[in-house]
Number of protein chains: 2
Amino acid sequence: MGEFPTVTDVARVAGVSRQTVSNVMNTPGIVKADTRARVEAAITALGYRPHASARRLRTRRSSTIGIRLDPMIDGISGSVLDRFLHALTEQADARGLRVLLFTATSPEDEIDQFRRLNDGADVDGFVLTSTTADDPRTAWLLEHDIAFVTFGRPWQENDFTDPSHLWVDVDGHAGLYAATRAQQDAGARRIAYIGWPSPSGTGDDRRRGWHEAMLERGDVSAEELARLEVITTDGVDQGAAAMRQLARTAGGIDAVLCASDALALGAMIANPARVSVTGYDNTPIAAAIGLSSVDQPVDEVAAGVLELLTGEFEGQVSHAPDSASPRYRMVTPRLVTRQFEAIPRDSVPANALVDEVSR
Amino acid sequence: MGEFPTVTDVARVAGVSRQTVSNVMNTPGIVKADTRARVEAAITALGYRPHASARRLRTRRSSTIGIRLDPMIDGISGSVLDRFLHALTEQADARGLRVLLFTATSPEDEIDQFRRLNDGADVDGFVLTSTTADDPRTAWLLEHDIAFVTFGRPWQENDFTDPSHLWVDVDGHAGLYAATRAQQDAGARRIAYIGWPSPSGTGDDRRRGWHEAMLERGDVSAEELARLEVITTDGVDQGAAAMRQLARTAGGIDAVLCASDALALGAMIANPARVSVTGYDNTPIAAAIGLSSVDQPVDEVAAGVLELLTGEFEGQVSHAPDSASPRYRMVTPRLVTRQFEAIPRDSVPANALVDEVSR
DNA sequence: AGAAAAAGTTTGATCGATCAAATAATACCG
DNA sequence: CGGTATTATTTGATCGATCAAACTTTTTCT
């Protein structure tokens, strides 16, 4: 293989100047049709590909977005972000954008990476996941006029309406509201909830969805409702423990909703009565076990993120509040209903089959 | 915020020339100690960061590796590659490398991406996953002298020894051999295997591990061994079906090994006798359910991949077969033993607890 | 038809770094 | 001490593209 052709080579072959070749690629509208055709022919004839770094050096644009990838937290919780990453990569590709990964050990370290990647024109903007209240990263990015969009709304009062902070989030409230309604429509009255300790932006949001739906129907009194709720940290074991606690203290329950699939799996395991269990995130586990779950539509989230981010690229990086389009996207999750296929209700008690197997 | 400082700015402040600044960063050894100190002081004082694109344009190096990210195949199987991606990103970062993601709809499309990314100096090399026999991608990359390492050995006879094809793989044979031995040491004799249809590079490899370990012990005759094996495609339902088939046709069994966690989960579900089940890949599911599983050490794989890939960068891209270091890495997996914690052996039969719950 | 406006195209400069070669400073040695 | 090696530093050119402004051609309008 010889050397790579450059704009100059293409220009020579097409009998035009460098700049015209450049125009054909970037602003084809201003090039006369037949000239453009000639240049395009030369491009394909030579197999020309623009040198991305040279372009970046000049334009200070990279068509690349950066996203931090955490060391895998061994498990279930990471899965949504992975799905999001896949969706983001795919949709970014469709828009001619690339995704660059990096890691960071702390918010400060991450800010350092922001600076490095931004100064080096490696990326045009960032996608942040798992934002916290009072996040130092968003403050820094805003201060330095660097484009970014967060997956997750800002959980602070004043930030929520801040027009310069773009975000996309999934409406956990709506998700649990729908899940509760679905159970109620199926005849359930006493619907329990296993959730995370407050304050937790996402956790509180989900809990409210259940709580409001329950109050609206009025099937149970407010004080009974309190007994139908168990607060615990995330995890399979915790879910099982919570379920056992419900069995002890809540009286009969018709269904259980959980703040996560991990909790739901635990609940399901400690669930000899085969009460309907609904999780959150629709992880592979939910699919495998046959657990209903609230699915976060990561495709829509990714689309929203890119929409906001590229909107930011195009226009100047102005934080103009007069912008007509909204500065955020709230995505409604989808309830995925499953029957307990995996551990069938009519499964024979443990030791009944031993003989048959070893017959 | 002002503009970004450049080498020239640093040079001016330090009272040296551009090139000396460059040398401090790239070949510090040739700069006199006190000059170097002065330059370094200027760098930190100005907060200078090299412009990555400018450097790339000149050096034709990007310090970035490309890897294709497939649209999520909804589920369990993707998880190992995700874990690998996390490990790769983390270790690449430690070596000053970045990871660039892209997608492709077909091998041809992927080759097109290779060309684009390579010509544009976007990446220095590629990491390929899920290689097939007679892979057009590896052939193309070899032909165009582009550095790459595959996660997965070449499954063709002649490719295996090809010194120009660098690869890292996990020794599935050793994994199943160890898993079989572990069961045998625990007293099991009749150990069944649920695997994938042949030909499948990875599948056949794993199966052989079990097969050989069984033959070596000689606890069962060769013809009995054949009845202890079920071949099926991957999936939870298929695993359950295979398990039921074993119960019907194999006679009593002491343990089951599976080619994947999906199969293992299925086997576990259709496993009223609570026979020990071992999966493969140590996915979150295995952890959640309490399934033993063969764990692919993705950290070691990532380390090996980067070692081979950077070795390739450093020296010329020569395919010199005289290279002393081996052209591949075979990583031994780790057996993770778990008790069925999740669905405890002594769990009370389904309807026994109903009364207690609704007491 | 002729001047002014618009459209199309070209030329020189530039982005920020490194390479290659030239120069300056220092060390070495008989 | 003079002269050659060696080390340290500097200068000019260059990577491949786009920007800004100059220039040429075509269109529009009176």
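Excluded from the calculations below are hydrogen atoms, water molecules and symmetry mates; all remaining heavy atoms, backbone and side chain alike, are included. Every chain is numbered from 1, with letters handed out A, B, ... down the list of sequences. Since this is a predicted model, take the numbers as computed values, not measurements.
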Practice task
Verify the contact: side-chain N or O of Ser22(A) to OP1 or OP2 of dA17(D), cut-off strictly under 4.0 Å; return yes or no.
Solution key: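 False: Ser22(A) side-chain N/O out of range (4.0 Å or more) of dA17(D) OP1/OP2.
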
Handout entry: DNA chain D contacts made by residues 26-41 of chain A, counting heavy atoms under 4.0 Å
Key = Asn26(A)

Exercise for the section: Return each pair, listed once, that meets side chain to side chain donor-acceptor pair (under 3.5 Å) where at least one residue sits in residues 101-118 of chain A; pairs must be two or more places apart or across chains. Expected result: Arg68(A)-Glu110(A), Thr103(A)-Asp93(B), Thr105(A)-Asp109(A), Ser106(A)-Glu108(A), Glu110(A)-Arg137(A), Asp112(A)-Arg115(A), Asp112(A)-Arg116(A), Gln113(A)-Asp93(B)

Take the protein atom [atom1] of [X] and the nucleotide atom [atom2] of [N], then report the distance between them rounded to whole Å.
X	N	atom1	atom2	result
Arg61(A)	dG16(D)	CZ	P	23 Å
Asp122(A)	dG16(C)	CG	P	15 Å
Arg56(B)	dA17(D)	CZ	P	15 Å
Leu46(A)	dG16(D)	CG	P	14 Å
Asp9(B)	dG16(C)	CG	P	9 Å

Problem - Residue whose nearest DNA chain C nucleotide is more 5′ - Asn23(A) or Val7(B) - result: Asn23(A)

Exercise for the section: Check the angle between the aromatic planes of Trp167(A) and Tyr328(A) and answer parallel, tilted or perpendicular using the 30° and 60° thresholds. Expected result: parallel

Practice task
For the pair Phe126(A) and Phe102(A), name the ring-plane relationship: parallel under 30°, tilted 30 to 60°, perpendicular over 60°.
Solution key: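 Taking Phe102(A) first and then Phe126(A), their aromatic rings stand perpendicular (interplane angle over 60°).
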
Test of understanding: with side chain to side chain contact (heavy atoms under 4.5 Å, CB included), list the residues that count as partners of [X], not counting sequence neighbours.
X	answer
Val7(B)	Val21(B), Tyr48(B)
Ala302(A)	Phe84(A), Ala87(A), Leu88(A), Gln91(A)
Ser130(B)	none
Gln19(A)	Ser17(A), Ser22(A), Asn23(A)

With sequence neighbours left out, write down each residue that passes salt bridge (Lys or Arg N to Asp or Glu O under 4.0 Å) with [X], or none if nothing qualifies.
X	result
Arg55(A)	none
Arg12(B)	Asp9(B)
Asp169(B)	Arg153(B)

Problem - Bending between helix ends of the helix from dA1(C)-dT30(D) to dG30(C)-dC1(D) [5 pairs per end, 10° resolution] - result: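 If I round to tens, the end axes sit 30° apart.
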
Close N/O contacts between protein and nucleotides 11-15 of chain D (under 3.5 Å):
from	atom 1	to	atom 2	distance (Å)
dG12(D)	N7	Arg18(B)	NH2	3.1
dG12(D)	O6	Arg18(B)	NH2	2.5
dA13(D)	N6	Arg18(B)	NH2	3.3
dT14(D)	O2	Arg58(B)	NH1	2.7
dC15(D)	O3'	Arg60(B)	NH2	3.2

Practice task
Give one of base, sugar-phosphate or nothing for Val16(A), where a contact means two heavy atoms less than 4.0 Å apart.
Solution key: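 Here Val16(A) touches the backbone only, sparing every base.
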
Problem - Contacts of type side-chain hydrogen bond (donor to acceptor under 3.5 Å, both in side chains), residue Ser62(A), not counting sequence neighbours - result: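 So Ser62(A) forms a side-chain hydrogen bond (donor to acceptor under 3.5 Å, both in side chains) with Asp124(A).
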
